[in-house]
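The structure appears below as structure tokens.
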Amino acid sequence: MAKLQIAQDPTADELLSTDPFALLTGMLLDQQFPMERAFAGPAKIKDRFGSLDPEAIAAADPAEFADLCATPPAIHRYGRSMAGRVQELARTVVAEYDGETERIWTEATTGADLFARLRKLPGFGEQKAKIFTALLAKQLDVKPAGWTKVVGDYGKKGFRSVADVTDADSLLRVREFKKAAKAAAKAESAQR
């Protein structure tokens, strides 16, 4: 895998760069929470749980796993509920891909197939599946035929999402883009 710099922390970014389940979990946690902290969540889980193996996470006692995810600094502002989602994601990876996360994208035959595989994952709505497809293409060179069609604007050059975060400067530029997009949407809504 390529050297990612999403969490802006060397240990967390190394894990994201070498462990496909860490990267997928970071994307799962990237909602209602600063993206660099969301993508640092998998490293916290590994530190506290001792593993990011999907089978081990899937089999963990839910209450104990929730406790370790909610311990400050928590993996997410909603640490306990996200712990449940991480376990649900792990169970899906085990059941559908024999615990081999990267099969989600290495076995996808087209961009539409990859998007559909991601869309089926717990916690991955349409937008999240598009962004993760774009991240895989832009940063890991996973570009099945037709990927640009399924991701829409997320496939364009620029600083639109986590798919475009490659360093501290690009993180700030993505944050500015999101802030401007949110303001524009709010202004448009107010005019209706």
Side-chain angles (χ1 to χ4, degrees), residues 1-8 12-36 38-42 52 54 57-58 82 85-86 88-167 169-171 173-182 184-185:
M1 287 177 70
K3 177 70 174 136
L4 301 172
Q5 293 185 34
I6 299 170
Q8 307 297 302
D13 283 329
E14 178 65 23
L15 186 62
L16 295 172
S17 299
T18 59
D19 186 320
F21 189 71
L23 185 60
L24 191 67
T25 300
M27 190 71 212
L28 174 74
L29 297 173
D30 186 20
Q31 62 183 42
Q32 301 177 353
F33 199 54
M35 81 175 72
E36 69 277 17
F39 279 89
L52 266 184
I57 290 173
M82 283 303 193
R85 286 190 177 190
V86 170
E88 190 179 347
L89 180 64
R91 284 191 284 277
T92 300
V93 168
V94 170
E96 302 291 324
Y97 300 99
D98 297 320
E100 298 174 30
T101 308
E102 66 278 5
R103 285 181 50 204
I104 297 167
W105 50 90
T106 61
E107 295 178 358
T109 56
T110 64
D113 180 33
L114 174 55
F115 174 77
R117 288 164 176 254
L118 292 168
R119 189 68 183 81
K120 284 178 159 179
L121 297 173
F124 277 70
E126 183 172 335
Q127 184 177 12
K128 190 175 292 267
K130 285 180 180 182
I131 292 169
F132 196 72
T133 299
L135 187 154
L136 291 169
K138 290 180 172 185
Q139 297 205 38
L140 301 182
D141 204 33
V142 174
K143 298 177 178 178
W147 76 270
T148 55
K149 185 176 181 182
V150 297
V151 301
D153 286 350
Y154 294 113
K156 294 179 180 177
K157 288 189 187 286
F159 302 94
R160 291 172 162 64
S161 73
V162 68
D164 303 306
V165 175
T166 56
D167 56 25
D169 180 59
S170 58
L171 173 66
R173 293 175 78 174
V174 166
R175 193 165 273 135
E176 289 167 2
F177 176 84
K178 287 181 161 192
K179 187 176 179 181
K182 201 177 231 182

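Within a 6.0 Å sphere centred on CZ of Arg91, other residues, nucleotides and ligands contribute more than 12 heavy atoms. The environment of Gln127 atom CD is sparse: at most 12 non-hydrogen atoms of other residues, nucleotides or ligands sit within 6.0 angstrom.
One finds the NZ atom of Lys130 at 16.0 Å from the CG atom of Leu135 (value rounded to the nearest 0.5 Å). Note that CD of Glu102 and CG of Asp19 are 9.0 Å apart. Values are rounded to the nearest 0.5 Å. Here Lys3 contributes atom NZ and Thr166 contributes atom OG1; the two are 12.5 Å apart, rounded to the nearest 0.5 Å. Interatomic distance, Arg85 CZ to Gln31 CD, rounded to the nearest 0.5 Å: 5.0 Å. With rounding to the nearest 0.5 angstrom, the OG1 atom of Thr25 is 12.5 Å from the CG atom of Asp30. Atom CG in Leu136 sits 12.0 Å away from atom CD1 in Ile131 (nearest 0.5 Å).
A side-chain donor-acceptor contact under 3.5 Å links Gln139 to the backbone of Val165. The backbone N or O of Asp169 sits less than 3.5 Å from a side-chain atom of Asp167, completing a donor-acceptor pair. A donor-acceptor pair under 3.5 Å is formed between the side chain of Arg119 and the backbone N or O of Phe124. Checked by atom type and distance alone, the side chain of Lys143 never pairs as donor or acceptor with a backbone atom of Gly111 at under 3.5 Å. Between the side chain of Ser17 and the backbone N or O of Leu4 there is at least one donor-acceptor pair closer than 3.5 Å. When atom types are taken as modelled, the side chain of Lys128 and the backbone of Met27 share a donor-acceptor pair closer than 3.5 angstrom. At least one donor-acceptor pair under 3.5 Å links the side chain of Asp164 to the backbone N or O of Arg160.
For the pair Val162 and Val174, the minimum side-chain heavy-atom distance is 4.5 Å or more. In this structure the side chain of Leu24 reaches within 4.5 angstrom of the side chain of Leu121, judged on heavy atoms. Side-chain contact between Phe21 and Ile57 is present, with at least one heavy-atom pair separated by less than 4.5 Å. By the 4.5 Å heavy-atom criterion applied to side chains, Pro54 and Val94 are counted as neighbours. The shortest distance between side-chain heavy atoms of Leu23 and Leu140 falls below 4.5 Å. The shortest distance between side-chain heavy atoms of Leu29 and Pro42 falls below 4.5 Å. Side-chain contact between Arg175 and Phe159 is absent, with no heavy-atom pair separated by less than 4.5 Å. Residues Phe39 and Asp13 have side chains not in contact (no heavy-atom distance under 4.5 Å, counting atoms from C-beta outward).
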Inset, instruction - Evaluate the criterion side-chain contact (heavy atoms from CB on, under 4.5 Å) for residue pair Glu107 and Arg117; output intermediate values, then yes/no. - result: CA-CA 10 Å; Glu107 295 178 358; Arg117 288 164 176 254; 3.9 Å; yes
Inset, instruction - Would you sort out whether Tyr97 and Ile104 count as a side-chain contact (heavy atoms from CB on, under 4.5 Å), showing the intermediate values? - result: CA-CA 7 Å; Tyr97 300 99; Ile104 297 167; 3.5 Å; yes
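Nearest heavy-atom pair, Asp113 versus Thr110, reported as atom, atom and distance to 0.1 Å: N-OG1, 3.0 Å. Tyr154 and Ala134 get closest at one heavy-atom pair: O-CB, 3.6 Å. When every heavy atom of Gln8 is checked against every heavy atom of Glu36, the shortest pair comes out as CG-CB, 4.3 Å. Listed here is the closest heavy atom pair of Ala12 and Ala40: CB-CA, 3.9 Å.
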